**Q** 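Questions regarding the structure given below will be posed in turn.
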Amino acid sequence: MTTPPPAESPAVARRRLRLALRRAREEKGFTQHQVAEEMEWSISKVMRIESGEVTVSVNDTRSLLTYLGVTDSDEVSRLVQSARDARKREWWDEARYREHVPPALRRLIQFETEARAIHYFYPMIIPGPLQVEDYARAILRSHFGTSDTAIGEVRLEARQRRRQGFLGRRDDPLVRLLLDESVLYRTLGDFNLLSKQLFDLHSLTAQSRITVRIIPFTADIAFPLLGTFEIYGLSKSDMDSADGIDDAVMYRESDQLDELVEDQAAVSRHLTVFEVMWAGSLNEATSTQMILEAAQNAASKASRAGM
């Protein structure tokens, strides 16, 4: 009896299935029009399946795999399970998250739960999943104007659930965080808040949950004009290497942009930039000590101010 494959998040399952179906079609030399005619679908349905815009039913998946000549029982079992997983609903599908959390971010959350390697490039703030609650609230208050708005509260809740998911993982993904030195001194108006965030970040490095390097003010490398970005490696091989990601997605966010990028050329370009900046930054030991000293300094200032 074939052992059922482990369940995947809907976004990861949909991505795995659509890439496998497109690859099988191309290996057979079939066009999307031929698939549409054989399956009695519209051409737009085939295109949307291969782009990941729609899910495929289990029965349709079986029929399509047969037509495309995918007969290996283990592979069929994996892809049929992916079809099932792609149709699941999780907490991010609840109405309040669908209303206030952008689609790209909701998809990212799903990839985040299964990524084997995560690369954060953040020149301005600590990234979302690593933010303690007060720090996250201050960031969202700055962005949305007030923390008690519906969108701010939902975003805060989603951010905390992302953090809980990250801290609850037991498979130890490779996590590398690249920060500008300025992040260590950006108080968001509250030294106590900054100290709590930096002590927490230091704790994560001490537990080997993440690896951090600081880009110092004296660095002889120029900041790329790319904004913040996060790269999530999905292949198991990425657990063992930080030198490259073959199967990855990238998330970019700003006031005017929220997108999940799957184009491997674009992801590779950003990863190359990350590696250049990583090599030109302070080493892990020095960076970790800087985080601790900045946390202690912020705590001291908060104490003197009576915070």
Side-chain angles (χ1 to χ4, degrees), residues 112 117-144 147 152 155-170 172-224 227-230 242 253 274-307:
E112 191 174 65
I118 303 174
H119 293 61
Y120 293 115
F121 178 76
Y122 271 73
M124 301 295 289
I125 60 174
I126 305 297
L130 304 181
Q131 294 174 5
V132 298
E133 184 174 350
D134 288 345
Y135 187 92
R137 181 176 285 106
I139 293 292
L140 292 169
R141 182 187 299 118
S142 175
H143 186 73
F144 295 110
S147 63
R155 288 288 190 93
L156 177 62
E157 183 181 342
R159 190 160 295 185
Q160 289 304 293
R161 294 187 78 155
R162 291 174 66 194
R163 176 179 169 84
Q164 292 166 8
F166 169 73
L167 295 179
R169 290 188 61 168
R170 299 180 180 277
D172 294 325
L174 169 71
V175 181
R176 296 199 298 171
L177 169 60
L178 193 54
L179 291 176
D180 181 59
E181 184 177 352
S182 63
V183 177
L184 304 183
Y185 311 110
R186 185 164 291 111
T187 65
L188 302 178
D190 187 334
F191 281 109
N192 188 51
L193 180 154
L194 177 62
S195 69
K196 287 181 180 179
Q197 178 62 73
L198 294 181
F199 276 127
D200 182 81
L201 188 64
H202 181 268
S203 176
L204 292 177
T205 63
Q207 298 170 42
S208 299
R209 300 297 303 271
I210 61 174
T211 301
V212 182
R213 284 194 181 184
I214 303 296
I215 306 170
F217 293 138
T218 56
D220 60 358
I221 49 178
F223 255 103
T228 64
F229 60 86
E230 308 170 23
E253 179 184 25
F274 184 98
E275 295 293 354
V276 170
M277 300 299 291
W278 185 264
S281 300
L282 300 174
N283 63 36
E284 287 90 333
T286 302
S287 298
T288 300
Q289 183 61 30
M290 284 184 67
I291 293 169
L292 178 59
E293 291 175 358
Q296 293 170 337
N297 184 52
S300 177
K301 290 182 177 180
S303 178
R304 291 199 298 271
M307 292 182 179

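Owing to the predicted nature of the structure, the values given are computational and were not obtained by experimental measurement. Only this structure's heavy atoms are used, side chains among them; waters, hydrogens and symmetry mates stay out.
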**Q** Check the pair Asp190, Asp134 against side-chain contact (heavy atoms from CB on, under 4.5 Å), reporting the backbone distance first and the verdict last.
**A** CA-CA 10 Å; Asp190 187 334; Asp134 288 345; over 6 Å; no

**Q** Would you please name every residue forming a ring-ring contact (aromatic ring centres under 6.0 Å, His included) with Phe274, sequence neighbours left out?
**A**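 Only His119, Trp278 meet the ring-ring contact (aromatic ring centres under 6.0 Å, His included) criterion with Phe274.
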
**Q** Between Ala136 and Arg159, which heavy-atom pair has the shortest distance, and what is it?
**A**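 Taking every non-hydrogen atom into account, CB-CD, 3.8 Å.
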
**Q** Does Glu230 reach the main-chain N or O of Ile118 with its side chain, forming a donor-acceptor pair under 3.5 Å?
**A**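 No: the side chain of Glu230 does not pair with the backbone of Ile118.
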
**Q** Taking atom CG of Leu188 and atom CG of Leu194, what is their separation to the nearest 0.5 Å?
**A**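 Between atom CG of Leu188 and atom CG of Leu194 there are 7.5 Å.
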
**Q** Is any side-chain heavy atom of Phe217 less than 4.5 Å from a side-chain heavy atom of Ser182?
**A**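 Yes, their side chains come closer than 4.5 Å.
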
**Q** For the side chain of Gln131 and the backbone of Ile126, is there at least one donor-acceptor N/O pair under 3.5 Å apart?
**A**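 Yes.
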
**Q** Donor-acceptor check, side chain of Arg163 to backbone of Leu130, threshold 3.5 angstrom: yes or no?
**A**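 Pair found, side chain donor or acceptor close to backbone of Leu130.
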
**Q** Donor-acceptor pair, Ser203 side chain versus Phe199 backbone, under 3.5 Å?
**A**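 A pair under 3.5 Å: no.
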
**Q** For Tyr135, enumerate each residue passing the ring-ring contact (aromatic ring centres under 6.0 Å, His included) test, keeping only those at least two apart in sequence or located in another chain.
**A**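 Checked Tyr135 against ring-ring contact (aromatic ring centres under 6.0 Å, His included); zero matches.
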
**Q** Which residues pass the side chain to side chain contact (heavy atoms under 4.5 Å, CB included) test with Ala219, not counting sequence neighbours?
**A**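 Applying side chain to side chain contact (heavy atoms under 4.5 Å, CB included) to Ala219 gives Ile215, Pro216, Ile221.
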
**Q** For the residue pair Arg162 and Pro129, what are the closest heavy atoms and their distance?
**A**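 Arg162 and Pro129 have their closest heavy atoms at NH2-CG, 3.2 Å.
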
**Q** Looking at Leu282, is its backbone amide N or carbonyl O close enough to the side chain of Ser287 to form a donor-acceptor pair, meaning the two atoms are under 3.5 Å apart?
**A**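 Confirmed, Ser287 side chain pairs with Leu282 backbone.
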
**Q** Grab the two heavy atoms, one from Ser281 and one from Ile214, that are nearest each other, plus how far apart they are.
**A**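 Nearest pair, atom of Ser281 first, then Ile214: CB-O, 3.3 Å.
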
**Q** Are any non-hydrogen side-chain atoms of Val183 and Leu198 less than 4.5 angstrom apart?
**A**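 Heavy-atom side-chain distance check fails, nothing below 4.5 Å.
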
**Q** Out of curiosity, Arg213 CZ to Thr205 OG1, how far, rounded to the nearest 0.5 Å?
**A**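 Answer for the CZ-OG1 pair, Arg213 versus Thr205, is 13.5 Å.
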
**Q** On the ring face of Phe166, is Arg209 found with NZ or CZ under 6.0 Å from the centre and within 45° of the axis?
**A**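 Yes - Arg209 lies over the ring of Phe166, closer than 6.0 Å to its centre and within 45° of its axis.
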
**Q** Enter the distance from Thr187:OG1 to Gln197:CD here, rounded to the nearest 0.5 Å.
**A**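 Here the interatomic distance stands at 13.0 Å.
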
**Q** Show me the pairs that pass salt bridge (Lys or Arg N to Asp or Glu O under 4.0 Å) and involve residues 120-131, at least two apart or across chains.
**A**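 Checked against salt bridge (Lys or Arg N to Asp or Glu O under 4.0 Å) - neighbours excluded - no pair reaches residues 120-131.
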
**Q** So how far is it from Leu201 CG to Leu177 CG, rounded to the nearest 0.5 Å?
**A**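 Spacing of CG (Leu201) from CG (Leu177) equals 6.0 Å.
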
**Q** What residues, two or more places apart in sequence or in another chain, satisfy side chain to side chain donor-acceptor pair (under 3.5 Å) together with Gln160?
**A**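 If we apply the side chain to side chain donor-acceptor pair (under 3.5 Å) test to Gln160, skipping adjacent residues, there are no hits.
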
**Q** Quick one, Thr228 and Tyr120 - any side-chain contact, counting heavy atoms below 4.5 Å?
**A**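 No, every pair of side-chain atoms sits at 4.5 Å or beyond.
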
**Q** Could you pull out every donor-acceptor pair under 3.5 Å between side chains of residues 288-295 and any protein atom, sequence neighbours left out?
**A**
residue: Thr288; atom: OG1; partner: Glu284; partner atom: O; Å: 2.8
residue: Gln289; atom: NE2; partner: Glu293; partner atom: OE2; Å: 3.0

**Q** Which heavy atom in Leu179 sits nearest to a heavy atom in Pro127, and how many Å separate them?
**A**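 Nearest pair, atom of Leu179 first, then Pro127: CD2-CD, 4.5 Å.
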
**Q** Atom NE2 in His202, atom CD in Gln207: separation rounded to 0.5 Å?
**A**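 Between His202 NE2 and Gln207 CD, I get 10.5 Å after rounding to 0.5 Å.
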
**Q** Could you tell me whether the side chain of Arg186 and the main chain of Met124 form a donor-acceptor pair under 3.5 Å?
**A**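 It does hold such a pair.
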
**Q** Decide, yes or no, whether a salt bridge links Arg169 with Glu112 under the criterion of side-chain N to carboxylate O below 4.0 Å.
**A**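 Salt bridge between Arg169 and Glu112, a charged N being under 4.0 Å from a carboxylate O: no.
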
